[in-house]
Amino acid sequence: MNPVDKRRREFFGQAAAIAGAMIAPGLMLYEYAEAVGPDGASRPRAPGEPVSGKVRWGMLIDTTKCAPGCRECVDACNRENGLPGTTRATDSQWIRKVDLKDLKTGKAVSLPVLCQHCAEPPCVDVCPTGASFKREDGIVLVDRHTCIGCRYCMMACPYKARSFVHEATTGQSPDVPRGKGCVESCTLCVHKVDKGGTPSCVEACAAAGHQAIVFGDLNDPSSEISKRVRAATTTQLRADLRTDNGVRYQGL
Amino acid sequence: METKSARRAFWLLLAAGGAVLAVALGAAHYMEVHGHAVTGMNNQVVWGLPHVFAIFLIVAASGALNVASIGSVFGESDYKPHAPLSVLLTVALLAGGLMVLVLDLGRPERLVVAATHYNFRSIFAWNMILYNGLFAICALYLWALLERRLGRFARPVGLAAFAWRIILTTGTGSIFGFLVARQAYASGVIAPLFIALSLAWGLAVFHLAQCGLARLAGREPMDAELHARVRRLLAIFVIAALYFVAVHHLTNLYWAKQVAFERFILVSGAPYPALFWAGYVVLGSLVPLVLLFHPGLASARATAAASVLVALGALAFLYVFIVGGQAFPLEIFPGYEVASTFGDGRADGYSPSLPELLLGLGGLAASFLIALAGARALPILAPAEVAMAAPAPAK
Ligand code: SF4
Ligand code: SF4
């Protein structure tokens, strides 16, 4: 366990003991993530059980199935996490649709970009207070209570995955605490995943009939995502930076 | 003996500086209450004008220590009488810069969190330690310089301060140099570049402070021989900085293949090319060099004018470096034309707002006030006989 994880753990331990129910439920859940059962398959974690490093949550985005102009995943994310959904330069966008055109061939691709949940996250390295942290299961989060809003993590993220909360928030979801002056990004719907659920963008994409996003445990050889990653050529964005992203793309 | 008019001038300056600082604090409060939405900053340009001022002050702070270093560490006795002012300026500039940096945080009231939670992998966290350490070393240094009985400690403490400031400037440069994903910054040249810049900016500020304080006290700023050396030194530092800036851009162009970024910053991405060429290169470097080298302009006033231009050029340089570096879009998909609702693939605008400017000016005012008050409270200025009579010290 690296020192940041350790300190975080101590922080959460103490906070849980002292403050108990006073702490936002979403925050408590961060510490109650998925574990691995005896069969190697993921199962929801029992309360108090530590986050397992055996799990590595990831996503596979199949760009050949992602429809240009479709924003289902974006809208679902905004609904789930209580984001305004407006797109001024100061608004938070945890997931965005990016339209690409190959400069040589002219081939067009449409795909969503979100926090890549890097195994070697630059945002975590640079954060002065340790507010940016990576859970044992690979999910990268911001502890809203220790973020001082220096925005250094936004400078460091190679994927522009982070947003700064530029003004007072409205319409917050009780599961997803947000706050003016702090940095935030995709949590991989940790509040749902910790209860055995699936990120909202994945569900919305499937409900719209596209099935372009697969979510699962990259460390579990029998999971759908592992099988797909084994079978097809997939890429990590800016792989040259060696951040070893948990989000992979197919058809790029 | 202080004259009546000198005393009045002191209080007037103090009041003026205080007023600017008060307005700046009001602006910071306004930004905190409303959030950064009322600034020009956004999710693309996350560090704006306040960082330009803060980094200027912090980099100049370490450079201002030079005069003391030259005096104590390298045993140049001409510089020794000026060492206390040099140390005081370092403290003043650093404090002003840090004030701006802190007040620009999203959650400035969480300073305690920053002081109690350290991520030792973060260069930012290391910088906080380096900044605080410099304050401590400067306090000791000043004490050793001003207290005759402690005189023998001046050299070792000066040596420590010198080493510390080199590390600190390297650290400040590394805040940017470590950003591997950014075309603008990921470069090994950034650290030496920042050291060269700090030498020039620090000496420029020192000269201005020296002239200003001497004038306030009704004295000649410094003897002619020393002035000639300061002039020469400033010119050398300005050239060294220009050299490293050139190396930075050339390595970017030829080795790192950041041609698109360089074109943006140097040619097409208004307003950055104008600020770079007209602001930093011409007004901030070439004109000062003419002022410093021209034999007919060898007055303290010409050197002061050159110093003002160097400082203004510094702000132009940092604006291009910090804001321009962020405005250029991150390259996430090499080889593709990119578009999105989040500014992908296009250079995003940033127009600084008034509160940001006021906060930045407040940092200057804070430094000014500390230097002014410190120079009055402590025997900072070189003793009159040294400054006036200009006896070339026995070598
Ligand atoms: S994509 Fe950006 S925010 Fe997400 S883990 Fe990587 S560096 Fe951090
Ligand atoms: S903005 Fe918050 S999370 Fe990001 S580096 Fe600063 S303290 Fe860490």
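This is a predicted model, so every value here is computed, not measured. Computed over heavy atoms, backbone and side chain alike; hydrogens, waters and symmetry mates excluded. The sequence lines fix the lettering, A, B, ..., with proteins before strands; numbering per chain opens at 1.
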S.K.: Select all residues of residues 64-79 of chain A having any heavy atom within less than 4.5 Å of some heavy atom of chain B, and report them by number, or 'none'.
M.R.: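 Residues of residues 64-79 of chain A touching chain B at under 4.5 Å: A/R71.
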
S.K.: A side-chain contact here means heavy atoms from C-beta on lying under 4.5 Å apart; do B/W47 and B/M41 qualify?
M.R.: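 When only atoms from C-beta onward are counted, B/M41 and B/W47 do not touch, as no gap falls below 4.5 Å.
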
S.K.: Search all heavy atoms of B/L57 against all heavy atoms of B/S367 and return the closest pair with its distance.
M.R.: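 In this case the closest contact between B/L57 and B/S367 is CD2-OG, 3.7 Å.
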
S.K.: Among B/A125, B/A339, B/S340, which has the most heavy-atom pairs under 4.5 Å with chain A?
M.R.: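 That would be B/A339.
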
S.K.: Ignoring hydrogens and angles, state whether a donor on the side chain of B/T172 or B/Y131 is under 3.5 Å from an acceptor on the partner side chain.
M.R.: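 There is such a pair (donor and acceptor under 3.5 Å, judged by atom type) between the side chains of B/T172 and B/Y131.
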
S.K.: Decide yes or no for B/Y185 and B/I175: does some side-chain heavy atom of the first lie under 4.5 Å from some side-chain heavy atom of the second?
M.R.: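 Side chain of B/Y185 against side chain of B/I175, heavy atoms only: no contact under 4.5 Å found.
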
S.K.: What closest approach, in Å, do B/F261 and B/A184 show between heavy atoms, and which atom pair accounts for it?
M.R.: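 That closest heavy-atom pairing would be CZ-CB, 3.3 Å.
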
S.K.: Can you tell me how far OH of A/Y249 sits from OG1 of A/T235, rounded to the nearest 0.5 angstrom?
M.R.: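 Separation between the atoms: 9.0 Å.
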
S.K.: If you round to the nearest 0.5 Å, how far is NE2 of B/H29 from NE2 of B/H34?
M.R.: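 Interatomic distance, B/H34 NE2 to B/H29 NE2, rounded to 0.5 Å: 8.0 Å.
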
S.K.: Between B/Y350 and B/Y319, is any pair of side-chain heavy atoms under 4.5 Å apart?
M.R.: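 They are in side-chain contact.
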
S.K.: To check you understand the geometry: which heavy-atom pair defines the closest contact between A/R56 and A/G138, and what is its length?
M.R.: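 Closest approach of A/R56 to A/G138, heavy atoms only: NE-CA, 4.4 Å.
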
S.K.: Hey, is the main chain of A/G251 close enough, under 3.5 Å, to the side chain of A/T63 for a donor-acceptor pair?
M.R.: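 Pair found, side chain donor or acceptor close to backbone of A/G251.
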
S.K.: If we only count heavy atoms from C-beta on, is the B/V113 to B/R107 side-chain gap below 4.5 Å?
M.R.: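 Not touching, per the 4.5 Å side-chain cut-off.
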
S.K.: I'd like to check A/R151 versus B/H51 (side-chain heavy atoms, cut-off strictly below 4.5 Å). Are they in contact?
M.R.: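 Yes, close enough: below the 4.5 Å cut-off.
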
S.K.: When only heavy atoms count and the cut-off is under 4.5 Å, which of residues 111-121 of chain A reach chain B?
M.R.: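 A/L111, A/V113, listed by number.
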
S.K.: Within the distance-only criterion (no hydrogens, no angle test), does the side chain of A/T146 pair as donor or acceptor with the backbone N or O of A/T129 below 3.5 angstrom?
M.R.: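 A pair under 3.5 Å: no.
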
S.K.: Heavy-atom pairs under 4.5 Å with chain B - which of A/C182, A/C147, A/A131 has more of them than the others?
M.R.: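 Option with the greatest count: A/C147.
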
S.K.: Looking at every heavy atom in both B/I123 and B/G171, which two are closest together, and how far apart are they?
M.R.: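 B/I123 and B/G171 have their closest heavy atoms at CG1-O, 4.0 Å.
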
S.K.: Which of the residues B/A114, B/G343, B/G335, B/G349 is involved in the greatest number of heavy-atom pairs with chain A at under 4.5 angstrom?
M.R.: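 Looking at each of B/A114, B/G343, B/G335, B/G349 in turn, B/G335 comes out on top.
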
S.K.: Applying a criterion of heavy atom separation less than 4.5 Å, what residues of residues 157-164 of chain A form contacts with chain B?
M.R.: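 Answer by number: A/C157, A/P158, A/Y159, A/K160, A/R162, A/S163, A/F164.
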
S.K.: Looking at A/Q236 and A/N245, would you say the former's side chain and the latter's main chain have a donor-acceptor pair under 3.5 Å?
M.R.: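 Yes, the answer is positive, given that a donor and an acceptor are paired below the 3.5 Å cut-off.
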
S.K.: Is B/F342 in contact with chain A via its backbone, its side chain, both, or neither, using a 4.5 Å heavy-atom distance?
M.R.: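 Contact with chain A involves both backbone and side-chain atoms of B/F342.
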
S.K.: For B/L105, which atoms come within 4.5 Å of any heavy atom of chain A: side chain, backbone, both, or neither?
M.R.: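 Both backbone and side chain of B/L105 come within 4.5 Å of chain A.
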
S.K.: For chain B, which residues from residues 90-102 of chain A have at least one heavy atom closer than 4.5 Å to it?
M.R.: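 Checking residues 90-102 of chain A against chain B gives A/T90, A/D91, A/S92, A/Q93, A/R96, A/K97, A/V98, A/D99, A/L100, A/K101, A/D102.
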
S.K.: For B/F321, run the ring pair (Phe, Tyr, Trp, His ring centres under 6.0 Å) check against B/F276, B/Y272, B/F194, B/Y280 and tell me which one passes.
M.R.: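 With B/F321 as partner, B/F276, B/Y272, B/F194, B/Y280 yield a single ring pair (Phe, Tyr, Trp, His ring centres under 6.0 Å), made by B/F194.
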
S.K.: Any side-chain heavy-atom pair from B/F56 and B/L93 closer than 4.5 angstrom?
M.R.: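 B/F56 does not reach B/L93 side chain to side chain.
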
S.K.: With a 4.5 angstrom heavy-atom cut-off, could you sort out which part of B/V38 is near chain A: side chain, backbone, both or neither?
M.R.: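 Neither part, no heavy atoms under 4.5 Å.
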
S.K.: B/D344 side chain to B/V338 main-chain N or O, any donor-acceptor pair under 3.5 Å?
M.R.: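 Looks like no, no N/O pair under 3.5 Å.
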
S.K.: Working to the nearest 0.5 angstrom, can you tell me the gap between B/W164 CH2 and B/T169 OG1?
M.R.: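 One gets 12.5 Å once the value is rounded to the nearest 0.5 Å.
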
S.K.: Go through the atoms of A/I148 and report whether side chain, backbone, both or neither lie under 4.5 Å from a heavy atom of chain B.
M.R.: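 Contact with chain B: backbone and side chain both.
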
S.K.: In terms of heavy-atom pairs under 4.5 Å, which option from B/H36, B/E32, B/M128, B/Q326 contacts chain A the most?
M.R.: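 Top count of heavy-atom pairs under 4.5 Å with chain A: B/H36.
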
S.K.: Less than 4.5 Å to any heavy atom of chain A: does that hold for the side chain of B/I332, its backbone, both, or neither?
M.R.: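 It is both, since atoms from each part get that close.
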
S.K.: Report yes if the side chains of B/W126 and B/S174 come closer than 4.5 Å at any heavy-atom pair, otherwise no.
M.R.: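 Not in contact.
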
S.K.: Which one wins on heavy-atom pair count under 4.5 Å against chain A: B/V45, B/L111, B/D104, B/N127?
M.R.: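 Result: the option with the highest number of such pairs is B/D104.
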
S.K.: Are side-chain heavy atoms of A/R238 and A/T243 found at a separation under 4.5 Å?
M.R.: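 No. Closest side-chain heavy atoms not under 4.5 Å.
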
S.K.: Give the member of B/P334, B/S122, B/A181, B/G35 that has the highest number of heavy-atom pairs under 4.5 Å with chain A.
M.R.: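 Of the candidates given, the most pairs with chain A belong to B/S122.
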
S.K.: May I ask you to check whether over 12 heavy atoms, not counting those of B/Y254, lie within 6.0 Å of atom OH?
M.R.: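 12 or below, so no.
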
S.K.: For chain B, which candidate among A/M154, A/K104, A/E167 shows the most heavy-atom pairs at distances under 4.5 Å?
M.R.: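 Winner by heavy-atom pair count: A/M154.
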
S.K.: Among A/G179, A/A156, A/C150, which residue has the highest count of heavy-atom pairs closer than 4.5 Å to chain B?
M.R.: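 Among the listed options, the one with the most contacts to chain B is A/C150.
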
S.K.: Please state whether the rings of B/F328 and B/F264 are parallel, tilted or perpendicular, taking 30° and 60° as the class boundaries.
M.R.: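 Answer is tilted, since the angle falls between 30° and 60°.
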
